[in-house]
Amino acid sequence: MQIASVIVDVPTKQTDRAFDYFIPEQWRGVIQPGMRVIIPFGPRNIQGFVIGLKAESEFKKLREIIAPMDLEPVLNKELLELGNWLTESTLCFKIFAFQVMLPAALKAKYEKKVKLAIGAAVADLPKPLHAFFENDVLLDWEDALKSGIVPLLQKEAAKGHLEVIYMVKERVKKKQQKYIRPAVSLDELIEEIDRIPAKAEKQRQVLRYFIENFNEVELKKLVTDVNTSVSTVKALVEKKLLKEFEMEVYRNPFEHRTFKRTKPLPLTEAQQTAIGPILNALEQNQHEVFLLYGVTGSGKTEIYLQSIQEVIEKGKEAIVLVPEIALTPQMVNRFKGRFGDLVAVLHSGLSAGEKYDEWRKIQRKEVKVAVGARSAIFAPFENLGIMIIDEEHETSYKQEEMPRYHARDVAIERAINHNCPVVLGSATPSLESFARAQKKVYHLLTLPNRMNKQSLPSVEIIDMREELREGNRSMFSRKLFEMLKDRIEKRQQSVLFLNKRGHSSFVMCRDCGYVVNCPNCDISLTYHRVNEQMKCHYCGYESYVPKHCPECNSEYIRYFGTGTQKVEEELGKILPEARVIRMDVDTTGRKGSHERLLTDFKDGKADILLGTQMIAKGLDFPNITLVGVLSADTMLHLPDFRASEKTFQLLTQVSGRAGRHQLPGEVIIQTYTPEHYSIELAGRHDYDLFYQREMMIRKTHHYPPFYYLSLITVSHEQLFTVVSATEKIVSYVRSHVSNEAVVLGPAASPIPRINNRYRYQCLIKYKREPNIIKTLKTILDQYQKDTKSGLQVSIDVNPYILM
DNA sequence: AGCACGCCGACT
DNA sequence: GTCGGCGTGCTC
């Protein structure tokens with residue numbers, strides 16, 4: 001077993017396979033599958049992942065592994081296999097599959113340096129280079145480029161005076177802290193204390209500290225505790241009475257926070273019924289997927305917490321996924337509060353080093369629970385007892401770059417390996433999951449009521465066409481304006497929600513709300529400012545913007561879009577007395593600002609919280625009694641077959657922010673299409689009916705959950721080349737799928753040109769195509785192999801964004 | 001992804 | 001005649 005199969009850190013088709021390396025004697029038995037190694041590859045040294053060991057290789061002239069990068073594997077057997085599964089199911093390069101499972105800190109950094117060759121001296125070099133190589137300094141290649149001395153360097157390298165070296169570096173260092181411990185026995189210390197000179201009172205104090213407390217202590221703590229200086233301690237170290245050493249410490253992102261410990265709350269009857277089957281599956285070590293469907297505020301989190309409690313008691317581990325945007329301190333508090341130090345938190349707000357440390361706690365089995373966004377599903381636990389995905393319907397669980405995986409699929413794949421349950425929780429389950437629950441593929445658990453029997457807030461839908469007709473051209477309906485004013489007087493708080501996704505605008509009649517749709521796809525056409533056209537991004541249909549509305553003949557037909565800043569300005573005009581906090585990407589950019597704004601609002605420093613997406617989730621403040629949605633339509637007419645579903649989910653989510661405590665809540669939804677079922681049914685809190693209506697539409701238009709989708713995107717600098725290549729691909733696909741499948745295209749991508757490359761796509765809708773992955777792989781192989789044609793082909797299996 | 005090898009244009 | 005442009009093909 002002296003040969004290692006290695007996946008190299010070069011993400012191309014040609015290198016997407018194992019390369020064999022000889023393991024030098026000194027590393028035999030040390031290097032294991034799942035470790036990162038430094039290997040020579042061509043002229044440079046790069047990082048690679050060992051995926052297997054073997055005794056022989058077909059390749060004769062093997063090179064040697066330079067060094068391992070880990071003391072123990074960073075990927076265990078399960079994760080290595082999961083990597084293969086990811087590669088297969090998402091059609092990505094192996095290296096991406098492995099990298100996505102690890103914290104970014106473990107991704108290699110490469111440095112190219114120039115150094116004096118062995119046996120060469122500075123004097124051998126021409127004068128201008130002397131300064132660069134004094135004292136054996138390594139010259140950074142980047143600096144060399146800037147100084148314009150590369151030709152000189154190359155000349156000297158050719159003469160053998162200089163050497164180019166390639167270094168593989170870690171991104172993040174383990175944080176070390178200095179510790180002090182006694183170097184002699186307790187008795188000896190007591191003896192020695194009398195030999196300390198009388199003048200050195202401080203040294204005596206330090207020794208006394210160790211006599212009372214015969215243990216290691218952090219240098220800093222020692223210095224403050226004894227009120228002395230580092231030099232005093234160093235003197236004792238010199239005398240060999242104490243010993244200094246370094247120990248790895250974790251960066252603690254929660255250093256200045258305390259978590260109030262909570263105890264399991266008594267469950268309501270509904271909660272008990274819901275948790276039963278989960279506990280049962282845990283008991284039996286049985287894999288099962290549960291869909292926990294519970295209205296906002298129905299106590300899903302307590303079910304998660306108590307299920308995890310059970311898992312921990314069984315000595316197993318748990319992963320909890322939360323959408324990034326909802327990974328607020330409030331959410332973290334609930335888990336830290338219940339399980340304290342047994343929780344690792346992984347989210348984008350942490351620095352690379354902090355994330356790495358949290359990940360290490362998991363790897364070293366120091367924690368039992370990982371709470372985090374999408375990628376936390378790869379937490380390297382070895383004894384998983386449960387995986388929970390909260391807000392299961394969130395689209396952020398799908399990664400939009402390689403590997404294009406969905407966390408839900410990964411969770412289920414891992415759960416099968418671990419024989420453990422998966423819990424998907426949502427107030428508005430995705431149609432895919434709910435349909436599976438209906439078909440008994442998933443086990444449906446329901447929490448139909450809010451805790452403490454509060455009723456869901458009353459929702460009023462305001463027809464903005466009516467407002468316009470009556471002369472109100474502002475973005476606030478009279479009703480919303482009145483209610484905002486009322487809340488300010490009553491010193492209660494309001495939340496205003498605006499969806500700013502107005503960029504890829506749709507065309508709508510402001511009189512009757514008519515939106516121009518594609519005749520083939522039942523999806524709104526996207527407005528393009530260039531030559532005033534509207535296009536369908538699914539099938540390629542085009543038409544001009546009508547001068548008059550085809551429904552009511554009004555001339556107020558135009559494209560749409562507004563932003564939070566504009567709303568804030570207008571709010572300042574009509575309600576100058578209102579104190580407003582605006583929350584969007586602009587105001588929450590800096591670390592911690594998100595939390596600060598929310599705390600300000602919670603503390604009553606503002607009357608109105610105005611924001612986008614990010615305020616839709618998790619907000620749970622007692623004083624919020626009014627929620628206003630300024631324009632429910634913005635999302636509805638995006639060129640996306642999930643637009644209705646997303647609108648329904650969002651409106652339900654936002655409405656859930658109101659009246660979660662004693663004070664009853666009210667919700668105002670402003671819209672130009674009040675009769676649209678997703679708006680109307682969100683207003684009535686009727687998920688079931690929404691589900692039925694939407695399923696019918698999905699069925700007739702061959703969309704998920706009735707059909708699977710795969711999207712092939714082709715790009716090239718020349719329009720003609722893209723179109724003809726896409727045509728070829730489309731006909732290849734057509735000839736390789738059953739006639740049950742629908743193959744659409746070639747159609748221009750919703751973003752028809754990126755970086756001067758034209759983009760075309762082919763959308764495949766299918767039910768049962770056992771060979772589809774093979775077919776798609778053949779296409780990728782074909783086009784990724786030849787780099788000279790300049791064609792780029794990418795495939796998204798089960799896409800969420802069809803762009 | 002890099003990098004080397006290699007074959008054609010504008011310069012000392 | 002040489003320096004250097006970037007097209008093509010390889011990396012165990």
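Order of the sequence lines sets the chain letters (A, B, ...), proteins ahead of strands, with each chain counted from 1.
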A.B. asks: Under 3.5 Å, side chain of Arg36(A) to main-chain N/O of Ala108(A), donor-acceptor pair present?
C.D. replies: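 No; judged by distance alone, with no hydrogens or angles, the pair does not exist.
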A.B. asks: Whole angstrom is fine here: how far is it from CD in Gln154(A) over to P in dC3(C)?
C.D. replies: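 One finds 12 Å between P of dC3(C) and CD of Gln154(A), rounded.
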A.B. asks: Between P on dG2(B) and CD on Glu142(A), what's the gap in Å once rounded to a whole number?
C.D. replies: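 Checked: the CD to P distance equals 11 Å.
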A.B. asks: Once you round it to whole Å, what is the distance between P of dC12(C) and CD1 of Ile39(A)?
C.D. replies: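 Distance check: Ile39(A) CD1 to dC12(C) P gives 8 Å.
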A.B. asks: Taking the side chain of Gln14(A) as its heavy atoms from C-beta onward, which of dC3(B), dC12(C), dC10(C) lies nearest to it?
C.D. replies: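 Looking only at side-chain atoms, Gln14(A) lies closest to dC10(C).
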A.B. asks: Should Tyr166(A) be listed as having a side-chain N or O under 4.0 Å from OP1 or OP2 of dC3(B)?
C.D. replies: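 So the side chain of Tyr166(A) is within the cut-off, an N or O lying under 4.0 Å from OP1 or OP2 of dC3(B).
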A.B. asks: For Lys112(A), which contact category applies under a 4.0 Å heavy-atom criterion: base, sugar-phosphate, or nothing?
C.D. replies: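 Sugar-phosphate only.
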A.B. asks: Which pair of heavy atoms, one from Ser396(A) and one from Pro323(A), lies closest together, and at what distance?
C.D. replies: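 Ser396(A) and Pro323(A) have their closest heavy atoms at OG-CB, 4.0 Å.
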A.B. asks: Any non-hydrogen side-chain atom of Leu711(A) less than 4.5 Å from a side-chain atom of Gln761(A)?
C.D. replies: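 Yes, their side chains come closer than 4.5 Å.
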A.B. asks: Decide whether Ser710(A) and Tyr766(A) meet the rule of one side-chain donor and one side-chain acceptor closer than 3.5 Å.
C.D. replies: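 Present: a donor and an acceptor within the cut-off.
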A.B. asks: When the aromatic ring centroids of His406(A) and Tyr800(A) are compared, is their separation below 6.0 Å?
C.D. replies: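 Ring centres of Tyr800(A) and His406(A) closer than 6.0 Å.
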A.B. asks: How close or far is atom C1' of dC3(B) from atom OH of Tyr110(A), stated in whole angstroms?
C.D. replies: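 After rounding, the reported distance stands at 15 Å.
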A.B. asks: How close or far is atom P of dT11(C) from atom CG of Asn45(A), stated in whole angstroms?
C.D. replies: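 So the two atoms are 16 Å apart, to the nearest Å.
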A.B. asks: Is it true that the side chains of Glu382(A) and His418(A) contain a donor and an acceptor less than 3.5 Å apart?
C.D. replies: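 Judged by distance alone, the side chains do not pair up.
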A.B. asks: At a heavy-atom distance below 4.0 Å, what parts of residues 46-67 of chain A sit against DNA chain C?
C.D. replies: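 Here the set is Phe59(A), Lys61(A), Leu62(A), Arg63(A).
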A.B. asks: Rounded to the nearest Å, what distance is computed from the CZ atom of residue Phe22(A) to the P atom of nucleotide dT11(C)?
C.D. replies: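 Spelled out: CZ on Phe22(A) to P on dT11(C) is 20 Å.
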A.B. asks: Where do Val37(A) and Pro68(A) come nearest, in terms of heavy atoms and distance?
C.D. replies: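 Taking Val37(A) first and Pro68(A) second, the nearest heavy atoms are CG1-CA, 4.0 Å.
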A.B. asks: Please indicate yes or no: is the ring centre of Phe41(A) less than 5.5 Å from the centre of the six-membered base ring of dT11(C), with the two planes inclined by under 30 degrees?
C.D. replies: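 Aromatic stack with dT11(C) present for Phe41(A).
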A.B. asks: In whole angstroms, how far is the P atom of dC12(C) from the CD1 atom of Ile31(A)?
C.D. replies: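 Distance, rounded to whole Å: 16 Å.
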A.B. asks: Report the distance from atom NZ of Lys13(A) to atom C1' of dG9(C), rounded to the nearest whole Å.
C.D. replies: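 From Lys13(A) NZ to dG9(C) C1': 17 Å.
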